[in-house]
Amino acid sequence: MIKTKINRHDLEYFLYAMVKAFYKDAVVEAPDTAEHNRLKDDEAEHEDVAVCQINDDVITMSFSKGKWFGIDKEYSYSIEIDKNSTEYKDIVRGYIYDALVDYSGRSLPWGNLTGIRPTKLYMNMFRTLDSDTKGEYTKNQIDQVVNKMALKHRVSDYKGQLAADIAIREKKIIDSFDNKDGYSLYIGIPFCPSTCLYCSFTSYPIVSYKDKVRAYLDALYEELKSAKDIMVGKHLDTIYIGGGTPSSLSAEDMDYLLSKFHDVFGQEQLAEYTFEAGRADSITEDKLIVLKKYGVSRISVNPQTMNDDTLKRIGRHHDTKAVIDAFNMARELGFDNINMDIILGLPGEDLTYVDRTLEAIKELKPDSLTVHSLAIKRASRLKEMMDKYNSEIGVIDFDKAMNMSIEAADSMGLKPYYLYRQKDMGGNLENTGFASDGKYGIYNILMMEEVQSIYAIGAGTVTKRVFEDGHIERCDTHKDVNLYIEDIEAMIERKRGLIVKKERNRSYE
Ligand code: SF4
């Protein structure tokens, strides 16, 4: 175990996150400033301890040897700016990172950024510069932003260029929407054919809920009608039906849900209508025909890997042939915007596996590809089974695997268009979406960059109200399907409270 200690409460999480990022296999204990003075006792226990002591103009980082830290070492940096200035904390963060780089002999691609939306920072910087009429920036302006982030947050040049590239692309799309009066709708279907090993989402095996599905869809219908009423005067820009695996519903139930949506929102001109068909073991011709009938414009066929042994290991009840068949069937039925998701770092997979997956995907030529780095979440079976699989996890060089994915996407003419990071993510890297021109997942961008409100319905979903000044408030729903159905009226009223009343309150301010 590595203990972390710091004498500044507001930097506790930062120190913890940085040490964890450098020593990802170690158990790292978050700091507790109240215990800072117990340091001497800890040293006596021969544990690894990373201590950061910040005085006004000097910062000291010391490492006490144990299992992970090989030697005792101390770093000292002087800070020459006013401790009340806005840059002071950034400088401290930079020195903590520098000490870890020198001590460990490694650096992190994203430097000392710990947030999940690095591109938001880049976009904010571009907003302070003038673009041309097409929203493009000069090479000098891009270098200026990349260099600033490298200096301030130690972001590597190649990640900085990637983030800048994405930020400019996203900004053009975001600016083409009226985000003040527009919103997106998310519908959660919390059912799947089976539970994947790494799953941490709200998902239940559909076989166990067969007799509850119609009641669930009726609860969604109540939510749809209320959403239309609550969001009156606002324009619905995009809809995303996700889960779970929405296509685990029968074709009849899908028709029922989509017809209800059509009854309520039929007149809206949507910029994007996504249905996450998801798993190949749930996709059939009659279901795809239903999606076509209601004007779904974008679907996902998500293999996660194109290796049969891995599919079996992670609990998917289909093989790679089923993925290929589902994809080709969708193409034949006229779907011209198909996304595929893959995950890097699945148990047992090395770079040969990644290569096989990418080659198979190149054959299919999807319109977009989303590349995830495996995140081991507390709520997943994978976390529970870490002991069993531990030797097979983390064998992959995530950085190399991500670069292979970038090259594969590039060879298919797909450009990076959105990116986010998660806690517990393999290699401390990111999830990146690539797409061809005009096939960018618009909902993904609007949701991830938090520029417009997301009205979310369904068990385990979170509605996000984005106010004009950027302030965000959230309202979640029950994860349990039965509770969700029973308590639907109360949840609708909570959303009304968040959206209608809050807005009214604010207009009185
Ligand atoms: S398909 Fe997605 S939501 Fe369903 S079990 Fe697998 S990881 Fe979970």
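Order of appearance sets the numbers: ligands from 1, and atoms from 1 within every ligand. For this chain, numbers begin at 1 and follow the sequence in order.
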Please evaluate residues Asp218 and Glu222 with respect to the criterion side chain to side chain contact (heavy atoms under 4.5 Å, CB included), reporting the C-alpha separation (whole Å), side-chain torsions for both, the decisive distance (0.1 Å), and the verdict. CA-CA 6 Å; Asp218 285 334; Glu222 290 308 309; over 6 Å; no

Does Cys196 approach ligand 1 within less than 4.0 angstrom via side chain, backbone, both or neither, non-hydrogen atoms only?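 Within the 4.0 Å criterion, Cys196 contacts ligand 1 through backbone and side-chain atoms alike.
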
Please identify which atoms of ligand 1 are closer than 4.0 Å to at least one heavy atom of [X].
{"X": "Cys192", "value": "1 (S), 3 (S), 4 (Fe), 5 (S)"}
{"X": "Gly244", "value": "3 (S)"}
{"X": "Tyr198", "value": "7 (S)"}
{"X": "Ser194", "value": "5 (S)"}
{"X": "Ser203", "value": "3 (S), 4 (Fe), 5 (S)"}
{"X": "Thr245", "value": "1 (S), 4 (Fe)"}
{"X": "Arg316", "value": "1 (S)"}

Of all the non-hydrogen atoms in the protein, which one sits nearest to atom 2 (Fe) of ligand 1, and at what distance?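 Result for atom 2 (Fe) of ligand 1: Phe201 CD1, 4.2 Å.
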
Starting from atom 1 (S) of ligand 1, find the nearest protein heavy-atom neighbour and note its residue, name and distance.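 The closest heavy atom on the protein side is Arg279 CD, 3.2 Å.
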
Contact between Gly278 and ligand 1, counting heavy atoms under 4.0 Å?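 Per 4.0 Å heavy-atom rule, Gly278 does not contact ligand 1.
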
Tell me, please: is Gly315 in heavy-atom contact with ligand 1, that is, under 4.0 Å?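 No, Gly315 has no heavy atoms under 4.0 Å from ligand 1.
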
So, [X] and [Y]: side-chain donor and acceptor under 3.5 Å apart, yes or no?
{"X": "Asp263", "Y": "Tyr221", "value": "no"}
{"X": "Arg494", "Y": "Thr477", "value": "no"}
{"X": "Gln452", "Y": "Asp237", "value": "yes"}
{"X": "Glu170", "Y": "Tyr122", "value": "no"}
{"X": "Asn431", "Y": "Tyr420", "value": "yes"}
{"X": "Ser297", "Y": "Glu272", "value": "no"}

Please state whether the separation between atom 8 (Fe) of ligand 1 and some N/O/S atom of Cys199 is under 2.8 Å?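 Yes, within the cut-off.
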
Partner of Asp255 by salt bridge (charged side-chain N to carboxylate O under 4.0 Å, His left out), out of Lys293, Lys260, Lys287: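 Only one of Lys293, Lys260, Lys287 forms a salt bridge (charged side-chain N to carboxylate O under 4.0 Å, His left out) with Asp255, namely Lys293.
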
Sole residue of Thr370, Ile406, Ile166 in side-chain contact (heavy atoms from CB on, under 4.5 Å) with Thr432: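 In the set Thr370, Ile406, Ile166, the residue that makes a side-chain contact (heavy atoms from CB on, under 4.5 Å) with Thr432 is Ile166.
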
